[in-house]
Amino acid sequence: MLPEMFGDSYNFYTGNAIYIPDVHNEIRRIIVHTHSLIEPLLAAEKTARASLPEDKLYEKDASGNLRKNAYGQTYRSKEYATAFHQALNGMVEQQLRLSIADVANFWYTAWVNAGRPDLNSLDPEALTKRNNKYYKKDYKTWQKGGLFGLKVDKEY
């Protein structure tokens with residue numbers, strides 16, 4: 001819910017991918033870092049809950065019943081999401097950016113470890129033409145921290 005509501009204001013620029021000299025240590029580092037966020041996350045959730053009355057934590061339909069998504073899960077209210085997002089103090093954006101960088105770094109490392117093979121012939125000709133056509137625009141969007149080529153059905 002938070003990325004859907006606030007993601008348009010996030011900056012996803014991560015810079016160029018870097019080579020990971022020790023993949024196993026990097027995996028452990030990511031796990032330790034992510035685990036270190038448990039306490040701040042739970043504290044932020046507690047702060048957000050405490051800032052609102054109980055009847056403002058979840059969205060309700062016109063009949064006063066709790067609104068549910070396609071998976072049967074209740075919707076948190078926008079007021080709750082806003083309070084939680086503020087209490088997290090940028091954690092969601094930071095973690096999304098770190099995950100983007102981590103994936104890029106692992107892919108880059110795999111490519112380097114494979115001997116830097118030429119990847120130009122992997123795409124069908126139509127995709128290569130599309131990529132060439134939109135490359136400059138997509139590159140500028142990436143440098144500004146924006147996302148491109150991603151369409152999602154917003155639930156919130």
### Task
Would you kindly say whether Tyr80 and Glu59 are connected by a side-chain donor-acceptor distance under 3.5 Å?
no

### Query
Considering only heavy atoms from C-beta outward, does the side chain of Leu2 approach that of Leu88 to under 4.5 Å?
yes

### Query
In terms of the angle between their ring planes, are Trp142 and Tyr139 parallel, tilted or perpendicular, with boundaries placed at 30° and 60°?
tilted

### Task
Look at the side chain of Asp61 and the backbone N and O of Arg67, then say whether any donor-acceptor pair between them is shorter than 3.5 Å.
no

### Task
State whether the number of non-hydrogen atoms from other residues, nucleotides or ligands found under 6.0 Å of Tyr134 atom OH is greater than 12.
no

#### Entry: Listed once per pair and sorted, the ring-ring contact (aromatic ring centres under 6.0 Å, His included) pairs that draw on residues 26-58, sequence neighbours left out
none

### Query
Can you check whether Met1 reaches Arg76 side chain to side chain, under 4.5 Å on heavy atoms?
yes

### Query
Quick check: are there more than 12 heavy atoms from other residues, nucleotides or ligands sitting under 6.0 Å from CG of Asn89?
no

### Query
For Asn16, which residues count as a side chain to side chain donor-acceptor pair (under 3.5 Å) partner, sequence neighbours excluded?
none

### Query
Does Gln95 reach the side chain of Thr34, with side-chain heavy atoms less than 4.5 Å apart?
yes

### Query
Hey, is Arg29 close enough to Asp102 for a salt bridge, meaning N to O under 4.0 Å?
yes

### Query
Tell me, do Leu41 and Phe84 make a side-chain contact under 4.5 Å, heavy atoms counted?
yes

### Task
State yes or no: do Leu119 and Tyr135 share one hydrophobic cluster built from I, L, V, M, F, W and Y residues joined by side-chain heavy-atom distances below 4.5 Å, directly or via other members?
no

### Summary
So ring-ring contact (aromatic ring centres under 6.0 Å, His included) across residues 89-112, not counting sequence neighbours, yields Tyr108-Trp111

### Task
Please examine the side chains of Gln86 and Thr47, heavy atoms only from C-beta on, and report whether any two atoms are closer than 4.5 Å.
no

### Query
Is the number of heavy atoms from other residues, nucleotides or ligands within 6.0 Å of CD (Gln143) greater than 12?
yes

